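Reviewing the structure listed below.
None of the values given here were measured: they were computed from a predicted structure.
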Amino acid sequence: MNIGYARVSTKDQKLDAQIDQLTAAGAEQVFADIASGAKSSRPELNRMKEQLRQGDTLIIQRLDRLGRSMNDLVRWVQLLDDQGVKFKSLTENIDTTTPGGRLVFHIFGALAEFERNLIRERTRSGLNAARARGRTGGRKRVLSKKQQQALKTLYDTGEHTIQELMTQYSISRATLYKVVNGSY
């Protein structure tokens, strides 16, 4: 049986084009996830893995749909090979039933990992440059310094319950304790 696997990283992205390509390539069943490729545990990927049988062919649109690192991809190909499952990647034109296909797979896998590392490094550099200019990332603080002091004072008096303080300042229990412990 030809089994396809499709993946997008966010709900804003569409699976339709991948599914259409997999179906056109002969996939009789397609499993699809909306999850980061960095996550090794994905619900539909796990279901697909359990469904694969000897003689099946796994078809993907691109290598990075299956795994984001060389280790992930090599582990997948080894798992598939151990189970007697063939592997095809449409974009890279890889078919692991041939020695040439295995070689091309390893080359493209290394390039995909290299590209991911470049993206990660550019992101870090951009964040560091922004911090150097005084910009910080993350969510804006809910409480001002003045509100934090007032909350701490009210907490220390013991006259109010935790729930009352949370309601009065519209904050979660975790935020309240961060303020009280000075880690906010």
Check your understanding: Counting only N and O atoms by type, is there a donor-acceptor contact under 3.5 Å from the side chain of Gln168 to the main-chain atoms of Glu164?
Key -> no

Revision key, fill the gap. In this structure, CG of Leu80 is separated from CG of Leu52 (nearest 0.5 Å) by 6.5 Å

Revision key, fill the gap. Paired with Tyr5, the side chain to side chain donor-acceptor pair (under 3.5 Å) test is passed by just one of Gln18, Gln61, Lys49, Arg42, namely Arg42

Revision key, fill the gap. d(Leu90 CG, Asn93 CG) to nearest 0.5 Å is 8.5 Å

Point to revise | Donor-acceptor under 3.5 Å (Arg173 side chain, Ile162 main chain) | key: no

**Study point:** Pair Met166-Thr161, side chain to side chain contact (heavy atoms under 4.5 Å, CB included): steps then yes or no
**Key:** CA-CA 9 Å; Met166 288 168 43; Thr161 67; over 6 Å; no

**Study point:** Side-chain donor/acceptor of Tyr155 to backbone N/O of Ala150, under 3.5 Å
**Key:** no

**Study point:** Phe87 side chain near Asp81 side chain, heavy-atom distance below 4.5 Å
**Key:** no

Exercise for review: Please test Thr23 against Val30 for side chain to side chain contact (heavy atoms under 4.5 Å, CB included), starting from the C-alpha separation and ending with a verdict.
Suggested key: CA-CA 8 Å; Thr23 304; Val30 176; 4.3 Å; yes

Point to revise | Trace of the side chain to side chain contact (heavy atoms under 4.5 Å, CB included) decision for Gln51 with Ile3 | key: CA-CA 9 Å; Gln51 185 116 1; Ile3 296 177; 4.2 Å; yes

Point to revise | Over all atoms of both residues, closest heavy-atom pair of Val85 and Leu58 | key: CG1-N, 4.0 Å

Review point. Judged by atom type as modelled, is there a donor-acceptor pair below 3.5 Å linking the side chain of Gln147 to the main-chain atoms of Tyr169?
Key: no

Exercise for review: Examine distances only and state if a side-chain atom of Asp33 and a backbone atom of Arg7 form a donor-acceptor pair shorter than 3.5 Å.
Suggested key: no

Exercise for review: Answer with yes or no whether the hydrophobic clustering places Val8 together with Ile60; edges join I, L, V, M, F, W, Y residues whose side-chain heavy atoms lie under 4.5 Å apart.
Suggested key: no

Review point. Quick one: do Asp16 and Lys14 make a salt bridge, cutoff under 4.0 Å?
Key: no

Check your understanding: Would you say the side-chain atoms of Asn2 pair up with the backbone N or O of Gln29, donor to acceptor, closer than 3.5 Å?
Key -> no

Review point. Does Glu50 pair with Arg47 as a salt bridge, N-O distance under 4.0 Å?
Key: no

Exercise for review: Work out which heavy atom in Ala27 is nearest to a heavy atom in Ile59; give both atom names and the distance.
Suggested key: N-CD1, 4.1 Å

Revision key, fill the gap. Taken to the nearest 0.5 Å, the spacing of Ile94 CD1 from Lys88 NZ works out to 12.5 Å

**Study point:** Cluster check Leu22, Ile34: I/L/V/M/F/W/Y, side chain < 4.5 angstrom
**Key:** yes

Check your understanding: Roughly how far, to the nearest 0.5 Å, is the OH atom of Tyr184 from the CG atom of Leu151?
Key -> 10.0 Å

**Study point:** Verdict with supporting geometry, Ser89 and Glu92, side-chain hydrogen bond (donor to acceptor under 3.5 Å, both in side chains)
**Key:** CA-CA 6 Å; Ser89 177; Glu92 293 85 6; 2.3 Å; yes

Review point. Do any N or O atoms from the side chain of Arg135 and from the backbone of Ala130 form a donor-acceptor pair under 3.5 angstrom?
Key: no

Review point. How many angstroms lie between OG1 in Thr91 and CG in Asp64, if you round to the nearest 0.5 Å?
Key: 8.5 Å

Review point. Would you say Leu143 and Leu154 are hydrophobically clustered, going by side-chain heavy atoms of ILVMFWY under 4.5 Å?
Key: yes

Review point. Can you tell me how far the CG atom of Leu165 sits from the NZ atom of Lys152, to the nearest 0.5 Å?
Key: 13.5 Å

Review point. Transitively linked via ILVMFWY side-chain contacts under 4.5 Å: Leu45 with Ile19?
Key: no

**Study point:** Side-chain (Thr175) to main-chain (Ile171) donor-acceptor, under 3.5 angstrom
**Key:** no

Point to revise | Check: Met1 main-chain N/O paired with Asp56 side-chain donor or acceptor under 3.5 Å | key: yes

